[in-house]
Structures are given as structure tokens and as C-alpha cells.
Amino acid sequence: MRRKLVVGNWKMHGSRPANADLLSALRGGRPYTATVAVCVPFVYLSETAATLAGSDIHWGAQDVSAHAQGAYTGEVSAAMLAEAGCRYALVGHSERRALHAESDMLVAQKAQAALACGVTPIVCVGETLAERESGLTEAVVKRQLSAVIHQLTHCAAEMVVAYEPVWAIGTGLTATPEQAQAVHAVLRAQLQAATGHGQTMTILYGGSVKPDNAATLFAQPDIDGGLIGGASLKASDFIAICRAAH
Ligand code: 13P
């Protein structure tokens, strides 16, 4: 039985007062049956750590450098994230793939850098609307995941995968539970074939998850929880989504 995981991705939102309110509400919403985490902007990691210390809520970053250290202005290494107590780092979010031209190979190297420092990469994959309409969904997500599997080799079973159809992110359009389940089943079969541990690996769904659709999505056999954008910024919505995962 896989334990559900719900991760909030704050993206580039927040302020010290707003974060303090949100995090204390989240603490107050416990206990959760699911594992719960928030991925916050780098600059807020230490205060997030201070607020969540001693709770069972985890925190993480939204990106990580592929490099261990060096002259990489503006980048943050996995070792630094580990030092900040990060349990997770998102890698390959579609916004980074699209807006920062991150390739499948770079995403794979970032996942490897995270794992090397004990930070679990949450590897995001997903097709655009044009790709879905051309019947390419399966090919695209398998290609994106395959790059990471090959890079991580024997450690591949340690990653978390998040299926986020690009057309469902921030649009209010959610994949139907059946559409999401179909892709999750493909990803799980790929993970099983490559690692032998597909049945125990966590695969999240992301893209316009809200309190009113979370339970149906999470009830699908291969959907192990969610990666939540907009709704993770409103305490009552995020807590409701966390509670829908059990
Ligand atoms: P929304 O929940 O706002 O659609 O964002 C999903 C997402 O990109 C999470 O990483």
C-alpha cells in the first residue's frame, strides 16, 4: 500500500506575513493521513524550516542546480538544500522546461544532483495541448521519464514522479480522473519495467487540483496524491486537499 503524498508548489508567490499565516494554518490542520510538503521559493526555506520544525510536514525547493558547486551565479546546489532541511526538490516543472529551456538531459542531471545529497527529486513530466491533440501524450511523458531513469540507473526507484499535463496547469482545466489514471498507468509500467519497483513508487497528479476534484483524482488506482499550485496558497483549500488524500 503506497502512502499518499500531497505537495504544495507555491511557485513565485508569498511574503513573510502571508507565509507565516499559511504555514501555521497548515500545522494546525494536522494530523494528515497523507505525507504533506510545501515547495517554497529558496529565500523562504529557512523560515519555513523554522515554522515547520518538529511537525511531520516536510518542505522542499522548486528547482536545484545540476552542479555540485562552483561559478554558477544564481544557482542553488542540492547540498545547500539538504543543509536547509529540504526533503524534496521539484525538477523539470513545465514552467522551467518552457520558460528556461530545460532539456530532458538537464532535468535528469538535476534529479541526480538532488538524490546524491539525499534530497528526493519530484520529477515533473507532462504533454502540451498540441501534443495531446496529436496523440503524442504517451510518447512525450515516456521520453521525459526515460531520460531520468537512464541517468539515475540503480537509484531511479527513489524519485517521485509528478504527471502534470501542461494544458491543465493554472487553467482550471483538469484532466479527468480517467485521463490522468491512463497516463499514470503508463508511467508506472515504465517505472516497473526499468526499476522493478514501480508498484511502490509514488506518482502524483498536478494541474488544477482543487478541494472539489481532489478526492476523485486521488481515488484512482495509480494516483498517489497531488502536486498543487494555486490551491496550495489558500490554507483552507490546501488543507481540504490534504485531507482528501488517505
Ligand atoms: P495549478 O494547481 O495552479 O494548476 O498548478 C499545478 C502545478 O503546476 C503544480 O506544480
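Indexing begins at 1, ligand by ligand and atom by atom, following the structure's order. Values in this document were obtained by computation on a predicted structure and should not be read as measured data. Residues: numbered from 1 along the sequence shown.
Residue-ligand proximity: Ser208 is placed with a non-hydrogen atom under 4.0 Å from ligand 1. For Lys11, the closest heavy-atom approach to ligand 1 falls below 4.0 Å.
Shown in contact with Ala168 at under 4.0 Å from a heavy atom are these atoms of ligand 1, numbered in order with element: 4 (O). Atoms of ligand 1 lying under 4.0 Å from at least one heavy atom of Gly207, given by number and element, are 4 (O), 6 (C). Against a heavy-atom cut-off of under 4.0 Å, Gly170 is close to the following atoms of ligand 1: 1 (P), 3 (O), 4 (O). Of all atoms in ligand 1, listed by their number and element, those nearer than 4.0 Å to a heavy atom of Glu164 are 6 (C), 7 (C), 8 (O), 9 (C), 10 (O). Interface atoms of ligand 1 facing Gly230, defined by a heavy-atom separation under 4.0 Å, are 1 (P), 2 (O), 3 (O). Every atom of ligand 1 with a heavy atom of Asn9 under 4.0 Å away is listed here by number and element: 9 (C), 10 (O). Residue contact check: Leu227 has heavy atoms under 4.0 Å from atoms 9 (C), 10 (O) of ligand 1.
When only interatomic distances are considered, the shortest N/O to N/O separation between Glu95 and ligand 1 does not fall below 3.5 Å. For ligand 1, none of its N or O atoms has an N or O atom of Thr171 under 3.5 Å away. Close N/O approach between Ile228 and ligand 1 is not found [any backbone or side-chain N/O within under 3.5 Å].
A salt bridge does not link Asp224 to Lys4: none of the charged side-chain nitrogens sits closer than 4.0 Å to a carboxylate oxygen.
When heavy-atom distances to ligand 1 are checked against a 4.0 Å cut-off, Ser94 has no atom that comes that close, whether in backbone or side chain. Contact annotation for Ile169 and ligand 1: heavy atoms of both the backbone and the side chain come within less than 4.0 Å of the ligand.
A heavy-atom distance below 4.5 Å is found between the side chains of Asn9 and Gln62. In this structure, Val38 and Leu26 have side chains that are in contact, with non-hydrogen atoms separated by less than 4.5 Å. In this structure, Pro41 and Trp10 have side chains that are in contact, with non-hydrogen atoms separated by less than 4.5 Å. The side-chain heavy atoms of Leu227 and Cys124, taken from C-beta on, include a pair separated by under 4.5 Å.
The closest side-chain donor-acceptor pair between Glu131 and Ser134, if any, does not fall under 3.5 angstrom. At a cut-off of 3.5 Å, with distance as the only test, no side-chain donor of Ser55 or Arg27 sits close to an acceptor on the other residue. A donor-acceptor contact under 3.5 angstrom links the side chains of Gln181 and Asp222, judged on distance only. Checking Glu127 against Trp167 by side-chain atom types alone, a donor-acceptor pair falls below 3.5 Å.
The protein non-hydrogen atom at the shortest distance from atom 2 (O) of ligand 1 is Gly229 N, 2.9 Å.
For Glu102, the salt bridge (Lys or Arg N to Asp or Glu O under 4.0 Å) partners two or more places apart in sequence, or in a different chain, are Arg96, Lys110.
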